[in-house]
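Scope of the values below: all heavy atoms of this structure, side chains included, with no hydrogens, waters or symmetry mates.
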Amino acid sequence: MSLASLWRGVLRHIGWVLGLAVIAIVVGAVLRIGDLHAFATMLEDAHPGWLMVALGLQATTYASVAAGWKIVLGQTDTPQPLRRLYLIAVGKLFADQVIPVAGMGGNMFLVDQLTALGAKRGNAVATLLVAMIGFYTVYGICALTMLAVLWTKGLASVWIAGFVLVFLIAATAIPGLALWIRRRGRRPVSSMLARFASIRALVAIVGEAPKRLLVDRRLIVRVAAVNGLVFLADAASLMVCFLALGQPVAFPVAFVAVMTASMIATLGPIPLGLGTFEAGATGMLALMGVSVEEALAATLLLRVFTLWLPLIPGFVLIRGALRTKAALQRA
């Protein structure tokens with residue numbers, strides 16, 4: 001192996017190393033300041049009934065994402081049943097989190113899978129874009145709601161407001177960039193922008209999306225509404241994780257913690273949000289009066305349902321899709 005190849009491998013995995021280091025720091029800090037035995041006991045005594053409820057709630061998040069795609073595809077000549085789109089949603093999570101294509105892995109997977117189901121490539125791209133616009137629209141609304149909840153509790157600060165503002169700028173810029181590229185068509189971008197793999201990937205596919213779907217405000221609102229259920233289900237899942245540990249918290253507290261952690265993970269450069277999500281949720285819960293041990297235990301449980309468990313079926317689905325695609329290319 002050449003030195004250049006070795007260095008590329010190091011760079012490819014440095015995000016994982018940083019993420020694991022951050023979460024190790026968070027866990028280590030909690031174990032130093034808290035009672036190790038109490039922390040372990042909370043995890044061991046988690047009520048299985050509530051854990052099943054959390055699992056069910058997370059299952060609904062994929063249905064919500066798939067429902068958004070179904071709504072868009074329903075406006076085209078190739079509507080799809082929810083059950084097929086549900087499996088794509090599970091596989092897309094794996095692609096989003098693991099495939100290192102500058103955040104475009106899951107989006108490219110979605111387009112490929114929809115075209116494999118018979119959708120025209122332009123309609124598949126439009127489904128991706130409308131879903132992206134709807135998702136970030138409701139994401140921004142939830143961020144402002146989180147800030148409002150903190151304000152009513154007297155916990156809002158200039159720093160938190162500034163963080164929300166930075167996130168809103170990013171949430172606007174991501175779909176905005178996609179629409180800008182759509183208007184440009186397939187004309188080459190500047191050499192500076194072309195350095196970014198995500199922008200090159202967008203240029204390659206976005207120009208094919210039909211304009212009528214992208215400017216349909218009613219369609220975007222419907223897609224945003226079903227995507228909003230994802231954030232509510234995640235917050236409810238965290239609340240249920242606390243119930244499983246025998247330490248109930250109010251839904252607004254869980255909602256604020258999930259939104260804070262999600263925004264930090266979105267803005268951060270670490271794959272999977274490793275460490276950053278856990279630190280953000282634990283820190284916000286502690287700010288709202290939850291003990292650090294309870295906050296971390298519930299957050300780690302939530303991550304099992306939102307991240308680690310779905311990666312297993314996601315890997316299987318991605319692997320099957322890649323094998324099918326390879327077989328078709330050889331035929």
Side-chain angles (χ1 to χ4, degrees), residues 12 15-16 58-59 61-74 76 78-136 139 174-175 177-178 181-182 196-210 213-214 223 226-227 230 262 265-266 270-273 306-331:
R12 190 163 55 246
W16 286 85
Q58 282 305 300
T61 62
Y62 300 100
S64 297
V65 172
W69 302 337
K70 179 177 173 60
I71 290 172
V72 182
L73 290 170
T76 70
T78 52
Q80 297 294 330
L82 186 64
R83 64 180 183 278
R84 292 182 180 176
L85 299 176
Y86 188 95
L87 294 177
I88 297 176
V90 177
K92 185 177 183 297
L93 171 70
F94 182 89
D96 280 333
Q97 303 288 3
V98 177
I99 297 178
V101 191
M104 283 298 294
N107 293 335
M108 299 298 291
F109 173 75
L110 172 61
V111 172
D112 284 345
Q113 290 300 294
L114 292 181
T115 53
L117 291 178
K120 294 179 180 178
R121 187 172 175 85
N123 291 335
V125 175
T127 301
L128 163 65
L129 292 180
V130 173
M132 184 185 299
I133 295 169
F135 174 79
Y136 280 104
Y139 205 168
I174 293 172
L177 174 63
I181 294 175
R182 165 64 182 77
F196 297 94
S198 57
I199 294 180
R200 293 198 304 272
L202 278 172
V203 171
I205 66 172
V206 165
E208 303 177 35
L213 294 175
L214 302 181
V223 173
V226 295
N227 275 276
V230 175
S262 298
T266 297
I270 299 175
L272 307 175
T306 61
L307 177 61
W308 300 115
L309 282 181
L311 288 182
I312 299 172
F315 170 76
V316 174
L317 290 168
I318 286 283
R319 188 178 181 183
L322 292 176
R323 284 182 173 179
T324 301
K325 186 175 182 179
L328 291 174
Q329 290 176 343
R330 289 193 300 267

For this session: Working to the nearest 0.5 Å, report the span between CG of Leu317 and NZ of Lys92.
Result: 14.0 Å
Exercise. How close do Pro310 and Leu93 get, heavy atom to heavy atom, and via which atoms?
Worked result: CB-CD2, 3.3 Å
Problem set entry | Met108 and Val111: CA distance, side-chain angles, deciding distance, side chain to side chain contact (heavy atoms under 4.5 Å, CB included) verdict | CA-CA 5 Å; Met108 299 298 291; Val111 172; 5.8 Å; no
Exercise. Does the side chain of Thr78 come within less than 4.5 Å of Lys120's, by heavy atoms?
Worked result: no
Seminar exercise, completed: Output for pair (Trp308 CH2, Leu311 CG), nearest 0.5 Å, gives 6.5 Å
Problem set entry | Non-neighbouring partners of Ser262 that pass side chain to side chain contact (heavy atoms under 4.5 Å, CB included), sequence neighbours left out | Tyr139, Val258, Phe277
Seminar exercise, completed: Of all heavy-atom pairs linking Gly68 and Val223, the shortest is O-CG2, 3.8 Å
Exercise. Which heavy atom in Thr115 sits nearest to a heavy atom in Ala124, and how many Å separate them?
Worked result: CG2-CB, 4.0 Å
Exercise. Could you give the distance from CG (Leu128) to CG (Leu110), rounded to the nearest 0.5 Å?
Worked result: 5.5 Å
Exercise. If only atom types and distance count, is the side chain of Lys70 paired as donor or acceptor with the main-chain N or O of Gln80 below 3.5 Å?
Worked result: yes
Exercise. Shortest non-hydrogen contact from Gly74 to Pro79?
Worked result: CA-CB, 4.2 Å
For this session: Give, for atom CG of Leu82 and atom CH2 of Trp69, the distance between the pair rounded to the nearest 0.5 Å.
Result: 10.5 Å
Problem set entry | Reported CG-to-CE distance for the pair Asn227 and Met132, which is rounded to 0.5 angstrom | 11.5 Å
For this session: Report the distance from atom CG of Leu117 to atom CD1 of Ile88, rounding to the nearest 0.5 Å.
Result: 4.5 Å
Seminar exercise, completed: Applying side chain to side chain contact (heavy atoms under 4.5 Å, CB included) to Ile312 and not counting sequence neighbours gives none
Problem set entry | side chain to side chain contact (heavy atoms under 4.5 Å, CB included) against Ser64, all qualifying residues, sequence neighbours excluded | Leu229, Val230
Exercise. Shortest non-hydrogen contact from Leu213 to Val130?
Worked result: O-CG2, 3.6 Å
Problem set entry | Residues Leu85, Val65; criterion side chain to side chain contact (heavy atoms under 4.5 Å, CB included); working and verdict | CA-CA 9 Å; Leu85 299 176; Val65 172; over 6 Å; no
